[in-house]
2 protein chains.
Amino acid sequence: MIYSLEAGGKRIRPLLLFATLDAFGIDPKKGIQAACAIEMIHTYSLIHDDLPSMDNDDLRRGKPTNHKVFGDAIAILAGDALLTYSFEVINMLSENFTPPSAKMKLVIEMAKAAGAEGMVGGQVADMEGEGKALSLEELEYIHIHKTGKLLKFSVVAGAIMAQANASLLHNLSAFAHHLGLAFQIQDDILDLIGNQQLIGKPVGSDTVNQKSTYPQLLSLEGAKAALENQIKLSKDYLEKTDLNTTLLNEITDLVASRDH
Amino acid sequence: MIYSLEAGGKRIRPLLLFATLDAFGIDPKKGIQAACAIEMIHTYSLIHDDLPSMDNDDLRRGKPTNHKVFGDAIAILAGDALLTYSFEVINMLSENFTPPSAKMKLVIEMAKAAGAEGMVGGQVADMEGEGKALSLEELEYIHIHKTGKLLKFSVVAGAIMAQANASLLHNLSAFAHHLGLAFQIQDDILDLIGNQQLIGKPVGSDTVNQKSTYPQLLSLEGAKAALENQIKLSKDYLEKTDLNTTLLNEITDLVASRDH
């Protein structure tokens, strides 16, 4: 569990949660337990995705994958325990800041984002789509679920803790939705033209694994245009919130221009 | 997910939860969502335990194991999704019956029972103990964690929903602790002398997998005596509760005399 949690990574989900709290003028530190819980879920999903029966990856974040170090059984169990622990950790939020009713909402939304109708559902669709020529709609279904839902929850969690009203919640959700798609398009682009040293895993693995990607469906230029469009959409929704979105905007720019 | 949930099984955990509510004079149906959540966690653990990199079992409850039907990747993901969904489902308990503060307690205790300090921790110890000659203490550590903690939570969940006081919670916990050990001793005995048709999986698999068992450490007669002792201890704690424990007593007798 610790090996994979400490293997680094961009920590984009915690950053999004902290930046959302900041947008409401709330000390981001207050959300640390929720941020940790989300990063644990993300980490567990990477451990399981890397397994030989899934993507069979040897490298992650520049280090040997969990099962390469500890074996398949312990990798599966480390993932299981991280997922389970995330639901304990999110309940460690200070009672003053997050009353039981808010924690209940967080647990429900986190489970939805991570489960069969969210991240796991996306991974199933991804596995079943391997080796097939996917349509753009099918590709988006995969990404919206596999990475999008948990990214979105990172923002929504901040909004729940800040007791955001329905309209704010809607605009922040929409912001995160488009940011998630932008993130994934950039991921596909980097897999094609990125630097293995910076990404921490071999480039071209999508091609090797016969995975459908945005550049493959839209051409590299088309994927870059789609990325720009999603970034614009996400920023439009952010502007509608009338919050202090300096940090959220910075993260959005980071996603658009990231090289790893 | 549905294949393994509907594959049957003894449903001992739901039964324990329902019987605990009944002991408090509460309609057991009110706890159905918590019972489902616990059974989902139990089912996910079986799916993952049966995988080739773990116990490599082909049969479970008389049917092909999940990965034999759907492949390893989908089996891992079905387990992940069941675990995740359990935290959504337990929050579906009626708000009138279980306020957010009680749901929060249930989520925390369920995560502890199922996670690294509970069931998953026990499975790790079990994997690491394979092929080694374990002491009785090591064997008990495995069982208390691998099966005991979730069995105990089934009773504790009922007690939390019934707003039991600390002394009641203590006695019910102790009852479930000893019942869990009795359950596991009987499991080991059945693996040695049981009927494959009734158990739904091959007998003698512990010997094949070089697993330490109670009969192996204590002899068959010694294991039977230990079973009787645990049953007695569990009933003693039950009597201390002054609740209407008719159903809990019946389940205890069932565990003591079960043939599958």
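Every chain is numbered from 1, with letters handed out A, B, ... down the list of sequences.
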note = Here the pair of heavy atoms bringing B:Ala78 nearest to B:Ile47 is CB-CD1, 4.5 Å
Validation row: B:Leu17, B:Val155 side chains within 4.5 angstrom (heavy atoms) = no
query = For the candidates B:Met110, B:Met127, B:Met104, which exhibits the highest count of non-hydrogen atom pairs separated by less than 4.5 Å from chain A?
reply = B:Met104
inquiry  = At a 4.5 Å cut-off on heavy atoms, which part of A:Ile74 comes close to chain B: side chain, backbone, both, or neither?
reply    = side chain
query = Can you find a pair of side-chain heavy atoms, one from A:Phe153 and one from A:Ile41, that are under 4.5 Å apart?
reply = no
note = Residues passing the ring-ring contact (aromatic ring centres under 6.0 Å, His included) test with A:Phe87, sequence neighbours excluded, are B:Phe87
request  = Name the member of A:Val120, A:Leu77, A:Leu82 that forms the most heavy-atom pairs with chain B at distances under 4.5 Å.
outcome  = A:Leu77
ask   = Which pairs, with at least one residue in residues 153-170 of chain B and sequence neighbours excluded, count as a salt bridge (charged side-chain N to carboxylate O under 4.0 Å, His left out)?
value = none
note = Tightest non-hydrogen contact, residues A:Ala162 and A:Phe24, listed as CB-CG, 3.4 Å
Nearest heavy-atom neighbours spanning B:Leu217 and B:Leu134 = CD2-O, 3.3 Å
Donor-acceptor pairs under 3.5 Å, chain B to chain A, main chain and side chains both?
from: B:His48; atom 1: ND1; to: A:Asp80; atom 2: OD1; distance (Å): 3.1
from: B:His48; atom 1: ND1; to: A:Asp80; atom 2: OD2; distance (Å): 2.7
from: B:Asp80; atom 1: OD1; to: A:His48; atom 2: ND1; distance (Å): 3.2
from: B:Asp80; atom 1: OD2; to: A:His48; atom 2: ND1; distance (Å): 2.7

request  = Check each atom of A:Met1 against the heavy atoms of chain B and say whether the ones under 4.5 Å are side chain, backbone, both or neither.
outcome  = side chain
request  = Please determine, among B:Ile90, B:Val89, B:Leu83, the option with the most heavy-atom pairs under 4.5 Å with chain A.
outcome  = B:Leu83
inquiry  = So for A:Leu51, is it side chain, backbone, both, or neither that comes closer than 4.5 Å to the heavy atoms of chain B?
reply    = side chain
request  = Quick one: list whatever passes side chain to side chain contact (heavy atoms under 4.5 Å, CB included) with B:Ala174, sequence neighbours left out.
outcome  = B:Tyr237
remark   = Residues A:Ala157 and A:Ile38: closest non-hydrogen pair is CB-CD1, 4.4 Å
